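Only one structure is covered here, and it is reproduced in the block below.
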Amino acid sequence: MQEPGTPVSYDVHGVQEKWLPVWDQIAPFRSGRADDPRPKKYVLDMFPYPSGDLHMGHAEAYALGDVIARYWVQRGFNVMHPIAWDAFGLPAENAAIKRNSDPGEWTYENIAVQKASMRRYACSFDWDRTFNTCDPEYYKWNQWIFLQLFKKGLAYRKASAVNWCPDCQTVLANEQVVAGACERCDTIVTKKKLTQWYFKITDYADRLLDDMQSLEGQWPEKVLQMQRNWIGKSVGAEVTFEIEGRDKPVTIYTTRPDTLYGATFFVVAADSELAAELAGSSPVKAEFSKYLEEVKAISDIERLSLERPKTGIFLQRYAINPVNGEKLQIWASDYVLSDYGTGAIMAVPAHDQRDLDFAKTMDLPIRTVVESDLEDPAVTGIATPGDGKLINSGSLNGLSKSEAINKIIAELKEQKLGEAATNYRLRDWLISRQRYWGTPIPIIHCESCGEVAVPEDQLPVKLPSSAGLDLKPKGISPLAGATDWVNVACPQCGKPALRDTDTMDTFVDSSWYFLRYVSPKLEDRAFDLEAVKTWLPVDQYVGGVTHAILHLLYSRFFTKVLHDLGYLDFTEPFARLLNQGMVVMDGSAMSKSRGNLVRLSDELNVHGVDAIRLTMVFAGPPEDDVDWSDVSPAGSVKFLARAWRLSGDVTSAVGTDPSTGDLELRRATHKALHDAGFAVESFRFNVAVARIMELVNAARKAIDSGPGSNDPAVREAVEAIAIMLSLIAPYTAEEMWERLGHKPAVALAGWPTVDPSLVKVQSVTCVVQVLGKIKARLEVDPEITDAELEKMALADPAMVEALAGANIIKIITRAPKLVNVVTT
RNA sequence: GCCCCGAUAGCCCAAUGGCAGAGGCAGAGGACUUAAAAUCCUCCCAGUGUGGGUUCGACCCCCACUCGGGGCACCA
């Protein structure tokens, strides 16, 4: 039982119940009223996939995003901080198959659960701007964008060997294959020859690469690096080789045209058409077919193994080296990839390790054409890849690598035998999926007209009801079973035609959702052009590094395409990016199977929302992983209660002028406001928390053993604490604000103006050293000059003693912090 | 194999090239209490992964290495 008169203890759950309905009323984070005079800022969290309730990862990401959004609101900005749901995708479909129900049912249930959790988690989202990508009102615009790309020739269909997940029974983009396995289910990915839709992202490879310069310093270097890697630009030359007994020559790609004289054989990708053709008229045709079968049977996993010995087959055909007329054996091998460059290479074993391995295995000649200090590759088995003087290379002899490259390219060009060329690792984006729960591709296949775009006024092409459809994966889209839906009249000739039955990769949905927020309910356009001009590009994007390549690259691509189509006046969607780390447990990622799963709902029930948010923010730098076994949510509760108690101790009246208050505490308050603000702006949220903690300690001390609870400076300090805490612990902050005599919402109280004269340091401790060893400390004015300081230091008794009889060579003075005397 | 990031107290983490410690966790002691919890106060603990270098001065810059994490990888 509480004794009457004893202070009530801080009730973490009570404050949540108390303030939620009040905030619903005030809606402090509604953005974008036309008459809002505040400057604008767009703070964006990556939207969630509604796979269930929110988990610890969401809790971290949204806590960090919220600090940023709430900070800018306090700083007087009109912040748009929206949320929506990335609601198409396989988990819903798999759940529907299991439960024999509709994927939408499962999806919307989860969205409702997540939405309620976000509200309770006190995310400062603008709830007027939500949408779900699985709503026809949204995916209509996926289809519209698809059609714009189609018209521009940026969406096209081609047949090729694609990544196929036997478990998901659908194709995958290159980006969704991780180490030869399906990103989602870890099944080994196989190859399958299919006709599929692609977006021509390769047309934008150079711009995707070059425009990253403008993101330098604004995005994590790691992400930029990963994108550069993924695009994989390489500069070299294409060289044409005549083939004996073939009319047309063959072009190869090389980054080292300078080593052309070192080519001793020629290799074509085993699975290329060229290989089949060359083998077709050679005596080894049967042998080649057998080899090709073997190659196809090898999974990507095996291909990735570095130890695997080189294999191949001599096709009994010859290529002619254009620079010296040498006959080069043509081999077929799987170490040359059919879909990179031209699928054929000149092999220079002395200076390329892979070629050397092959030459050693097949006993082919090796000729050194670049001089080096290293031992002969033919002997050591180690290729010499570096720079050096060219030898055995005709007109190139004596030149350096770069000189030789320039010269040979010029010579080849003159003789129309080759030219400079660029290649990319990036492939076009395969967007077809053979599954139900996605955006239907708005194309009609007509026997006479071919691929016909669904007229824009007929959008959206709505998904047919899943009732009666077999959603089980079987390699063709479930939509093919919706007979009534599939059979339509051709929009061009009116003859019977068929709808495309594939759905789009869900990464299409997320490649432009940040544009939809500006006008989420707009019916006749994907986004309002004026509103886009107002809000975009996104000022601050927050999300996990897991999307460093896929989502961010695709979004950048879409932005550039929409820019080129005249809809956007910018070319990069996200001005600044913050990647938060993961929440792990005992050093490893949480998972049910590992038995180290921490449930967010449990943590919230025990410690309350504020303490969990604080724990996430305080754990360390945001980009580092949070190990839940290293942090102390209980400690966070203690701190919040400590801060809360301060609000009950303030005895001065609301509106008390702080200027007559205790100077020391006032300085601490203004320093904290200054430093915490700076820390937030530089994403050092953990440091910002530390500054708040310091001020809490200082206020406690002032009340207990300083000027006392009635000092105006105490009120000023505690109000500042409430406002700073409102970024991180909104319930506690609101409760403090009320106890201090204010009306809600503290979120809109505004960041107090920092008084520069209070932040200015009054005196500085100057360290006085001899040979780097501290001999004395001086309290000096921060404005002191070097000369004054030096004089003061040398006059100090300790220095006089230390320097007695010493030979002074030099005095280094860095006012106001240091004097260092160098002696012999 | 190539590229990127990191290493500071028992633990998580701070420190414009200038006194290694802001904050927290854990621990110890004390005050309050009949007692405990809660609260408040005080204290303990490293010389910055290793080896060099630059500098009057290095956690910070440079080189080499060790360990840990991540990305790319038969891309010619």
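Just so you know, these numbers come straight off a predicted model, no measurement behind them. Every chain is numbered from 1, with letters handed out A, B, ... down the list of sequences.
With values rounded to the nearest 0.5 angstrom, A/Thr311 atom OG1 is found 6.5 Å from A/Met362 atom CE.
Rounded to a whole angstrom, the distance from the P atom of B/A37 to that of B/U16 is 40 Å. On the P atoms, B/G27 is 23 Å away from B/C32, given to the nearest whole Å. When the C1' atom is used for both B/C59 and B/C19, the distance is 14 Å, rounded to whole Å.
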Do any N or O atoms of the protein come closer than 3.5 Å to N or O atoms of nucleotides 3-7 of chain B, and which pairs are they?
unit_1 : atom_1 : unit_2   : atom_2 : d
B/C3   : O2'    : A/Gln225 : NE2    : 3.3

Can you give me the N/O atom pairs linking the protein to nucleotides 9-15 of chain B at distances under 3.5 Å, or say none if there are none?
unit_1 : atom_1 : unit_2   : atom_2 : d
B/C12  : O2'    : A/Ala619 : O      : 3.0
B/C13  : O3'    : A/Asn686 : ND2    : 3.3
B/A14  : OP1    : A/Asn686 : ND2    : 3.4
B/A15  : OP1    : A/Arg684 : NH2    : 3.2

N/O contacts under 3.5 Å, protein versus nucleotides 39-41 of chain B?
unit_1 : atom_1 : unit_2   : atom_2 : d
B/U39  : O3'    : A/Arg645 : NH2    : 3.0
B/C40  : OP1    : A/Arg642 : NH1    : 2.6
B/C40  : OP1    : A/Arg645 : NH2    : 3.2

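Between the CH2 atom of A/Trp628 and the P atom of B/C25 there is a distance of 15 Å, given to the nearest Å. Going from atom CD of A/Glu694 over to atom C1' of B/G24 covers 12 Å, rounded to whole Å.
Here A/Arg613 does not pair with A/Glu60 in a salt bridge; the nearest charged N to carboxylate O distance is not below 4.0 Å. For A/Glu694 and A/Lys701, the salt-bridge test fails: no basic side-chain N is under 4.0 Å from an acidic carboxylate O.
Base pairing of B/A73 is not made with any nucleotide, judged by Watson-Crick or G-U wobble geometry with both donor-acceptor distances under 3.5 Å. Here B/A64 sits opposite B/U50 as a Watson-Crick or G-U wobble pair (both hydrogen-bonding atom distances under 3.5 Å). Base pairing analysis places B/C43 opposite B/G27; the two distances defining the Watson-Crick or G-U wobble pair are each below 3.5 Å.
The A/Met693 side chain lies nearest to B/G23 when the options are B/C72, B/A76, B/G23. Of the candidates B/A22, B/C25, B/A76, B/C25 carries the atom nearest the A/Ser632 side chain, counting heavy atoms from C-beta on.
Remark: A/Lys671 NZ is loosely packed, at most 12 non-hydrogen atoms of other residues, nucleotides or ligands lying under 6.0 Å away.
A/Lys310 forms a cation-pi arrangement with A/Tyr335, by the criterion of a distance under 6.0 Å to the ring centre and an angle within 45° of the ring axis.
The closest donor-acceptor contact from the side chain of A/Thr254 to the backbone of A/Arg256 lies under 3.5 Å.
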